[in-house]
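The first residue in the sequence is number 1, and the count goes up from there.
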Amino acid sequence: MTHDFESVTVDDIEAARDRLDDDSVVKHTPVERSTSLDELTGAEVFLKMEHLQWTGSFKTRGAYNKIAQFVADGESASGTGVETATETDTETKTKTKTDQVVAASAGNHAQGVALAATKLGVDSTIVMPRTAPQAKVDATRGYGATVELVGTDFQDAMAHARDLVDETDAEFVHAYDDPAIVAGQGTLGLEMYEDVPSVDTIVVPIGGGGLISGIATAFSELSPETRVVGVQATGAATVPDSLQKGAPIALESVDTIADGIATGGVSDLTLSLIEDHVDEVVTVTDGEIARAILLLLERAKQVVEGAGAAAVAAIISDELDVEGETVVALLGGGNLDMTMLQTVLVHALSDREQLLRLRVRIDDQSGKMEEISGLIADHNANIQTVRHDRSAPELDVGEAHLDFQVETSGAGQARAIIRSIRDHGYEVTHVNA
């Protein structure tokens with residue numbers, strides 16, 4: 001396949017790793033075996049814990065590689081750098097400086113650029129959508145960036161960032177459409193191979209495609225027999241259509257809890273590398289992602305965000321068969337907003353029926369709430385809330401609904417509670433579903 005743009009090679013990735021020689025910027029993150037996922041999948045599952053990286057994600061790798069190159073060269077890729085020299089009696093010292101870098105991000109790339117720029121002595125302005133998690137906004141500012149909140153999604157933030165570059169001649173640091181970014185992310189592929197050289201399948205989340213492009217490029221030379229699988233959230237999936245049509249396809253809007261991979265598009269560069277080096281791309285729903293977040297929290301004792309859990313969501317779904325294989329699933333990010341964690345937990349617990357919502361139709365008489373509460377208590381379940389509703393249009397005069405929210409041990413206990421209430425003559429509706 002012939003391209004009219006610069007691509008990425010394994011040599012570029014090796015050079016990027018040489019630049020990333022400061023453990024305070026990027027560290028070699030651990031890999032751990034998950035026996036719980038082994039049992040669920042029938043595979044040997046290893047988790048690459050990149051969510052434990054500084055900034056909580058892999059993004060610093062690409063950002064530092066990009067910024068370090070034009071700082072070292074004394075000029076930016078667009079020729080905006082400034083070089084000054086000061087002579088002493090014994091030597092000439094050269095100090096290089098770029099005025100500013102600009103980036104657009106939903107959160108993780110923002111933090112990576114902010115940290116990389118600060119470490120390299122460069123000012124940074126990050127444009128983030130107003131819907132970005134507050135924790136990510138605060139963290140980006142904490143790493144030294146100026147943050148501007150614009151629009152409701154990544155595309156709005158990107159457009160404003162481009163305007164800033166046009167107005168100021170700052171250097172733009174793209175989240176994925178840049179060979180230097182892809183090469184920096186590819187250093188993670190070198191680590192994954194070194195961590196588990198016998199790996200049969202690696203599973204990597206996809207947003208704009210920079211991460212999987214770099215990792216897959218590394219594996220194409222180090223271990224070409226390894227299957228490389230990409231994962232997208234259903235509400236932000238662009239790669240399957242793009243691969244089918246042979247050109248990047250963008251979405252007008254995205255809808256997923258996995259904001260870290262909600263770019264809504266890929267680039268010519270990343271799509272070409274995916275075509276060349278990625279074996280399979282699957283999609284997972286937000287419900288599957290929520291289940292994976294809770295599973296990792298309970299079984300692996302790891303807190304990851306939606307994008308970080310996408311790889312695990314894939315291997316426990318029906319979309320991907322890894323039975324009998326050695327698998328490395330990449331946990332790419334751990335910047336989970338606490339409000340989102342609450343939302344995810346409620347959804348996942350409801351899906352498991354550990355959080356049970358029941359609507360019971362009663363004659364509105366004294367003692368009914370006590371009787372039904374007693375039936376629930378007989379099963380050693382805990383009632384969180386109960387509410388009377390006398391206004392529903394389907395109710396007759398003198399009737400009411402009792403809406404219960406109940407903590408249970410799971411689906412078995414939930415079904416037993418419902419059966420018991422019905423056996424006592426009440427109409428009961430399970431409203432989780």
Side-chain angles (χ1 to χ4, degrees), residues 1 3 5 7-8 57-59 62 103-110 127-129 131-132 151-162 172 174-179 181-182 185-186 202-217 228-289 292 305-314 317 319-320 330 332-333:
M1 182 178 294
H3 307 296
F5 49 81
S7 193
V8 179
S57 89
F58 65 91
K59 288 288 190 176
S105 171
N108 288 337
H109 180 59
V127 185
M128 304 175 73
T131 53
T152 59
D153 57 23
F154 177 75
Q155 287 84 353
D156 292 339
M158 175 69 80
H160 184 71
R162 291 292 194 187
F172 185 69
H174 199 284
Y176 54 87
D177 189 21
D178 188 310
I181 295 292
V182 172
Q185 320 302 29
I202 61 170
V203 189
V204 181
I206 304 177
L211 174 64
I212 197 168
S213 294
I215 290 175
T217 299
V228 180
V229 178
V231 186
Q232 289 203 292
T234 302
T238 57
V239 174
D241 283 347
S242 297
L243 289 172
Q244 184 177 13
K245 296 178 180 178
I249 303 300
L251 299 176
E252 291 185 3
S253 62
V254 294
D255 182 15
T256 177
I257 63 172
D259 59 279
I261 52 174
T263 60
V266 293
S267 68
D268 287 320
L269 169 65
T270 56
L271 181 62
S272 71
L273 291 167
I274 290 169
E275 286 178 322
D276 290 345
H277 302 307
V278 175
D279 298 292
E280 187 176 351
V281 177
V282 299
T283 60
V284 290
T285 66
D286 275 4
E288 289 169 328
I289 292 172
E305 61 186 286
V312 170
S317 75
E319 292 294 311
L320 187 61
L330 176 62

Close side-chain approach of Glu275 to Leu243, heavy-atom, < 4.5 Å: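 Of all side-chain heavy-atom pairs linking Leu243 with Glu275, at least one is under 4.5 Å.
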Side-chain touch Leu330/Leu211, heavy atoms, less than 4.5 angstrom: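 The answer is yes, as the side chains (C-beta and beyond) meet within the 4.5 Å cut-off.
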How close do [X] and [Y] get, heavy atom to heavy atom, and via which atoms?
X      : Y      : result
Ile181 : His174 : CG1-O, 3.3 Å
Tyr176 : Gly210 : CB-N, 3.6 Å
Thr256 : Ala236 : CG2-CB, 4.0 Å
Val228 : Val278 : O-CG1, 3.5 Å
Thr152 : Thr131 : O-OG1, 2.9 Å
Leu251 : Ala237 : CD1-O, 3.8 Å

When rounded to the nearest 0.5 angstrom, what is the spacing between [atom1] in [X] and [atom2] in [Y]?
X      : Y      : atom1 : atom2 : value
Thr263 : Asp259 : OG1   : CG    : 11.5 Å
Ile202 : Ile212 : CD1   : CD1   : 7.0 Å
Ile289 : Glu305 : CD1   : CD    : 10.5 Å
Lys245 : Leu271 : NZ    : CG    : 12.5 Å
Asp276 : Thr217 : CG    : OG1   : 8.0 Å

Exam field: side chain Asp286 to backbone Ile257, donor-acceptor pair closer than 3.5 Å: yes
Whether Thr238 side chain and Gly264 backbone form a donor-acceptor pair below 3.5 Å: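 Checking the backbone N and O of Gly264 against the side chain of Thr238, no donor-acceptor pair under 3.5 Å is found.
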Who passes side chain to side chain contact (heavy atoms under 4.5 Å, CB included) against [X], sequence neighbours left out?
X      : value
Ser213 : Val182, Thr270, Leu273, Ile274
Thr285 : Thr234, Glu288
Ala314 : Val203, Val231, Val282, Val284, Leu320

